[in-house]
Amino acid sequence: MNLSHHLIDQLRRAMAKLQFPEVPLVLEQPPDPQMGDRSCTVALALAKALKRPPRQLANEILSAFPKDDPLIGRVEIAGAGYLNFFWSLDAYRVTLQQILTEGEGFGSSEIGAGEKRLFEFVSANPTGPMNVVSARAAAVGDSLVRLGKKTGFEANSEYYVNDAGKQIEMLGLSVQARIKQIQGLAAEIPEGGYHGGYVKDLAAQAIAKYPGDPVGASAREMGRWTAQRIVEKQKSALDAYGVHFDRWFYESELHESNRPEETLEKLKQAGHIYEKESALFFRTSQFGDDEDRVVITSDGRPTYFLPDIAYHLDKAERGYAKVIDLWGPDHHGHVQRMLAAMQALGFPDDFLEVLIVQQVNLLRSGQPVKMSKRTGEIVTLEELVEEVGSDATKQIFLSRRWSSHLDFDIEAAKDRSEKSPVFYVQYAHARISSIFRKAGAYQVIQDGDYKKLGAVEERDLLRALSLFPDEVEASALQMAPHRLNAYLSELATIFHKFYHECRVLNEDDAPLTRARLALCRAVQITLKEGLRLLGMSAPEQM
RNA sequence: GCGCCUGUAGCUCAACCGGACAGAGCAUCGGCCUUCUAAGCCGAGGGUUCCGAGUUCAAGUCUCGGCAGGCGUACCA
């Protein structure tokens, strides 16, 4: 039972009865609760097509609307032609009961209809530690997968490991140079190599691993081995962050089964490949890219683009109807060519969606944190989680749209005083838990108790709770976890007001106590589930 | 040069793919702890939504032209 879905059904029936054209029916929240619980602008939208005044249309829809729906208290027409709906007390009672019986299942829906969706994110190169953008993408991607599952999609997460190609050799050469240095030999890290301190650590490990002659191993072999170590570190860092992937997909798997070659063959047969100056070009410019792209270099090596296409083909072959890639801002130049590739291979336009997770400016007490990629001096995901904590870190990332460039102040994020809004939602959950610790044995709400919930604060809470399924759905469909985050803050605010105004435990009024405890339980369930969808914990105590 | 992202309160960000008087937090000022957690609550001030046109009954949101910042622009990934 979803109140909003029910209302939309009723509206659609009324519209059909009037033989109005079919238009998308969207419900909104009126700016002021006084105006109603949900509103619809369909009359405004239809005014133009039907060439009639919106208020008149609203009146007709209203007259065709069922008068005896027990869940709808009343309907009003306001302003230019808004239809404003008020839930009945019955609707609130039903919602509350529903939350108590469904528990964490509250807010789940089937709109995804089992569609298979793959979210690929982080996919940091196995040549060094992950940075803050990876931390941001991990928070967003993880939440999107959770939201997807919640709304009936078969959603999975995947991390693509670029463990092949030139960069791996370069990594091997860098480690070998460090090994020589450790052994007192003269050696320089090659041009374009990796300078970070972690390379030294890995070199030391490599000496232990290859006691005979570490430098004698091929650069590729050394690179592979090192990359594997780095991937293990990435896994454990993400683990500490609370982000798990359904699958780690290795580029080397693609090469082992000749997928890039097969892909190239497919492209050739479709006539998308031509040779120029002894390199092979993919005619991506015919599909919206600025220029054609090289897939095989003039010295015969595939560029990263080819295995990338093969990888996306593999995703499709595994049955995913839609794949969503979260990329960093440094890759936005590649979006067009990948979309072009998908189109050239005959996929629907919306098969691939690339979300560019924007950059993060790290600050410390207002001062930019200096970082150098070249020398490997960066703040890593690991350090960030270690210093700030995973919940606080995620809270900051998930309170903004992924597309906004954001400032992340480490000192502000660490602040645990009342100035910090980071733990606001969790605090509401902890407060409720505290009430239940004091309440003793939980008494189930009884039918007559509902009448006791008449205060504004109680009503506001019930209204807010009834919105949770809508917010979950909107957040999932719009791929906007920050919406859910904002909703939870709002719910927490309303709860804190309620807490301030309405004493829950009243020894002289058992029905009121039962009713308010039921309300608290419902809020607790909703907060906990909401936090889970954001990948955050719901502490019992703070 | 070209492409992408961004521009909203002093600061950090929202605004439900065009809807009602643009909202929060922080900062500033003023109240509330002998009562279930003050990591909380209540109140005040604070806006030409970068600028200029256009589309629309309706524009922070869409289109075009500027301005500013960021990122990208490899036969590297």
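These numbers were taken from a predicted model, which means no experiment stands behind them. Naming convention: chains lettered A, B, ... in sequence-line order (proteins, then strands); numbering from 1 in each chain.
- Across the C1' atoms, rU61(B) and rU55(B) are found 14 Å apart, a figure rounded to whole Å.
- Contact check for Asn361(A) versus Leu406(A): no side-chain heavy atoms found under the 4.5 Å cut-off.
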Report, one line per pair, each donor and acceptor closer than 3.5 Å where one atom sits in a side chain of residues 417-424 of chain A; sequence neighbours left out.
unit_1    : atom_1 : unit_2    : atom_2 : d
Ser417(A) : OG     : Asp415(A) : OD1    : 3.0
Ser417(A) : OG     : Asp415(A) : OD2    : 3.2
Ser417(A) : OG     : Lys419(A) : N      : 3.1
Ser420(A) : OG     : Asp415(A) : O      : 3.3
Ser420(A) : OG     : Val422(A) : N      : 3.2
Tyr424(A) : OH     : Thr493(A) : OG1    : 2.8

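- Within the shown strands, rG72(B) is the pairing partner of rC2(B) under the Watson-Crick or G-U definition, both distances less than 3.5 Å.
- With ring centers used as reference points, His482(A) lies 6.0 Å or more from Phe397(A).
- Base pairing of rG52(B): its partner is rC64(B), meeting the Watson-Crick or G-U wobble criterion (both donor-acceptor distances under 3.5 Å).
- Residue order along RNA chain B, read from the 5' end via each residue's closest nucleotide, puts Arg483(A) first among Arg483(A) and Pro54(A).
- Residue-level contact check: Ser399(A) touches the backbone only, with heavy atoms under 4.0 Å from sugar-phosphate atoms and none from bases.
- For the C1' atoms, the distance linking rC5(B) with rC75(B) amounts to 28 Å, nearest Å.
- Of the C1' atoms belonging to rC42(B) and rC50(B), the separation is 36 Å, rounded to the nearest Å.
- Straight-line distance between the C1' atoms of rG23(B) and rA15(B): roughly 7 Å, to the nearest whole Å.
- Leu147(A) places none of its side-chain heavy atoms less than 4.5 Å from the side chain of Leu534(A).
- Protein chain A contacts RNA chain B from rG3(B) to rA77(B), reading 5' to 3' and using non-hydrogen atoms of the protein with a distance under 4.0 Å.
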